[in-house]
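All of these numbers come straight from a predicted model, not from anything done at the bench.
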Amino acid sequence: MKKTYNSLIHVILTGGVGSRLWPLSRKSRPKQYLEIFDGKSLFEMTVDRNSHLADKVVVVGNTHNHHLSEKVMNKTNTQYINIVEATPRNTAAAIAFAAFAANPDDILIITPSDHIIEGMDDYDIAIESAVSKAQEGFIVTFGIIPTKPETGYGYIEALGDNVISFREKPNETTAKEFMAKGNFLWNSGMFCFKAGILLEELKKFQPEVYEKSKAVWEANKNGFLDLDLCMLIPSISIDYAVMEHSKKIKVVPASFSWSDLGSFESVYDYLLSGNHPVDAYGNMTIGCEKHTTFLGLQNTIFVYTDTANLILQKENSQDVKDIYSALEKQNSMLLN
């Protein structure tokens, strides 16, 4: 296909504190910066994975984490455009800033910074397919072919590359129904589109987000965004703002191995696949080299840090966010 774009830009979204991975993930070092994957962080793996695809890199961060991103970008010797939000305003604004920083015909590949992806041949094929559709003027989302009835992910109901509906995180019964139907995909939070097309659709469906994000971007100082102006932007996700309304949406069903490592259950599964030790009853320690014995327990995860420990049943992983919320209400130092 004839190339109809200027540059291919990899946009890395670095927001999020990984509340379901407390106490490993803290405000001072969210999960995407933890170097617990063979000495690399999820953020660094995201940079590496896309380095051969993109002409340019944009990192959308915030005042709390941009210095952590900078260390990784220096380590990997990667030139990048730095956008620093004064306060997070959800993904619609974050993606809008990246689009305003680009030329209208540039194609943006939007990825979170905290995902594990394996099967690079399949990944490259999915990206190529998405870029091809983006050249035709579509906004492309990546749907992962599910391997189990996962309740921690949103879903995309699809027919070929057409999106029928977006679905919230289901309960277990609904997740099993989705799997049985066979045309439901995990919503990966990855997108591909021409910058100008995304901004046109944002302006159409969320004019206030568009106008206020534009005002913030036009007032930026070397990529740093003004707090008072940021606070005026409605906080809304790109899914709600554009994806659920636009007639220009396509989905690429992708078969690469994918996880957002959003819970200790998914971290457990990933570490297990890399031969991380577990005992005969499926018990695992994370973050601790000391000998630990589990007696009378099964599928228990012991998470060790210098200032806080967590002991949980693997199947209760989604509930860790409730502990985080409770500590947040207490203004606890254990979140820092």
Side-chain angles (χ1 to χ4, degrees), residues 5 7-16 18 21 25 29-61 65-66 68-83 91 94-95 98 101-102 106-134 140-147 153 185-193 195 238 251-262 266-267 269-271 273-274 276:
Y5 59 88
S7 293
L8 198 59
I9 301 174
H10 177 211
V11 179
I12 308 175
L13 305 180
T14 69
L21 291 188
S25 186
R29 191 167 291 274
K31 70 168 180 174
Q32 58 268 34
Y33 301 105
L34 297 170
E35 293 183 340
I36 58 174
F37 307 97
D38 297 326
K40 287 189 174 184
S41 65
L42 294 171
F43 182 95
E44 184 177 344
M45 290 159 79
T46 303
V47 174
D48 289 347
R49 182 163 55 245
N50 295 279
S51 59
H52 67 291
L53 298 169
D55 304 311
K56 298 177 186 173
V57 179
V58 172
V59 177
V60 185
N65 71 13
H66 72 94
L68 298 172
S69 298
E70 184 181 16
K71 282 182 186 171
V72 176
M73 301 309 270
N74 290 340
K75 178 184 173 185
T76 56
N77 200 22
T78 306
Q79 297 292 315
Y80 70 110
I81 298 163
N82 193 24
I83 299 176
T91 51
I95 289 170
D106 289 341
I107 287 182
L108 275 50
I109 299 167
I110 312 286
T111 74
S113 59
D114 56 358
H115 290 181
I116 281 280
I117 289 174
E118 293 169 328
M120 284 311 297
D121 288 346
D122 289 330
Y123 181 77
D124 289 350
I125 288 166
I127 294 286
E128 197 176 312
S129 173
V131 169
S132 174
K133 293 178 197 301
V140 184
T141 181
F142 293 78
I144 311 298
I145 297 165
T147 54
Y153 302 150
L185 306 164
W186 288 338
N187 190 347
S188 70
M190 293 173 52
F191 309 101
C192 181
F193 46 73
I238 196 69
V251 62
V252 170
S255 55
F256 52 80
S257 166
W258 173 90
S259 170
D260 73 349
L261 287 194
S266 55
V267 172
D269 291 342
Y270 176 75
L271 292 176
S273 71
H276 189 91

ask   = Counting N and O atoms only, with roles assigned by atom type, does the side chain of Ser188 sit under 3.5 Å from a partner on the main chain of Phe142, one being a donor and the other an acceptor?
value = yes

query = Any salt bridge (charged side-chain N to carboxylate O under 4.0 Å, His left out) pairs touching residues 43-53, not counting sequence neighbours?
reply = Lys40-Asp48, Glu44-Lys75

query = Which residues pass the side chain to side chain donor-acceptor pair (under 3.5 Å) test with Ser41, sequence neighbours left out?
reply = none

query = Got a sec, which residues hit side chain to side chain donor-acceptor pair (under 3.5 Å) with Ser69, two or more places apart in sequence or on another chain?
reply = Tyr33

ask   = Sequence neighbours excluded, which residues qualify as salt bridge (charged side-chain N to carboxylate O under 4.0 Å, His left out) partners of Asp260?
value = none

inquiry  = Using a 3.5 Å distance criterion without hydrogens, assess whether the side chain of Ser132 forms a donor-acceptor pair with backbone atoms of Glu128.
reply    = no

message = Do Thr46 and His115 have side chains that approach each other closer than 4.5 Å (heavy atoms only, starting at C-beta)?
response = no

request  = Please tell me if the side chains of Asn187 and Thr141 come closer than 4.5 Å, counting only heavy atoms from C-beta onward.
outcome  = yes

note = Residue set satisfying ring-ring contact (aromatic ring centres under 6.0 Å, His included) with Tyr123, at least two apart, ordered chain then number -> Phe256

ask   = Which pair of heavy atoms, one from Ser113 and one from Ile12, lies closest together, and at what distance?
value = CB-CG2, 3.6 Å

ask   = Once you round to the nearest 0.5 Å, how far does CD1 of Ile238 lie from CZ of Phe193?
value = 6.5 Å

note = In Ile110, Leu13, Ile117, the residue satisfying side chain to side chain contact (heavy atoms under 4.5 Å, CB included) with Met190 is Ile117

query = Judged by atom type as modelled, is there a donor-acceptor pair below 3.5 Å linking the side chain of Asn65 to the main-chain atoms of Thr14?
reply = yes

task = Among Val131, Asp106, Leu108, find the one that has a side chain to side chain contact (heavy atoms under 4.5 Å, CB included) with Leu8.
result = Val131

query = How are the rings of Trp258 and Trp186 set relative to one another: parallel (under 30°), tilted (30 to 60°) or perpendicular (over 60°)?
reply = tilted

For Gly143 against Val251, the heavy-atom pair lying closest together = N-CG2, 3.6 Å

ask   = Does the side chain to side chain contact (heavy atoms under 4.5 Å, CB included) test come out yes or no for His52 and Asp124, once each step is laid out?
value = CA-CA 10 Å; His52 67 291; Asp124 289 350; 3.2 Å; yes

task = Just jot down the side chain to side chain donor-acceptor pair (under 3.5 Å) partners of Thr111, sequence neighbours excluded, or say none.
result = His10

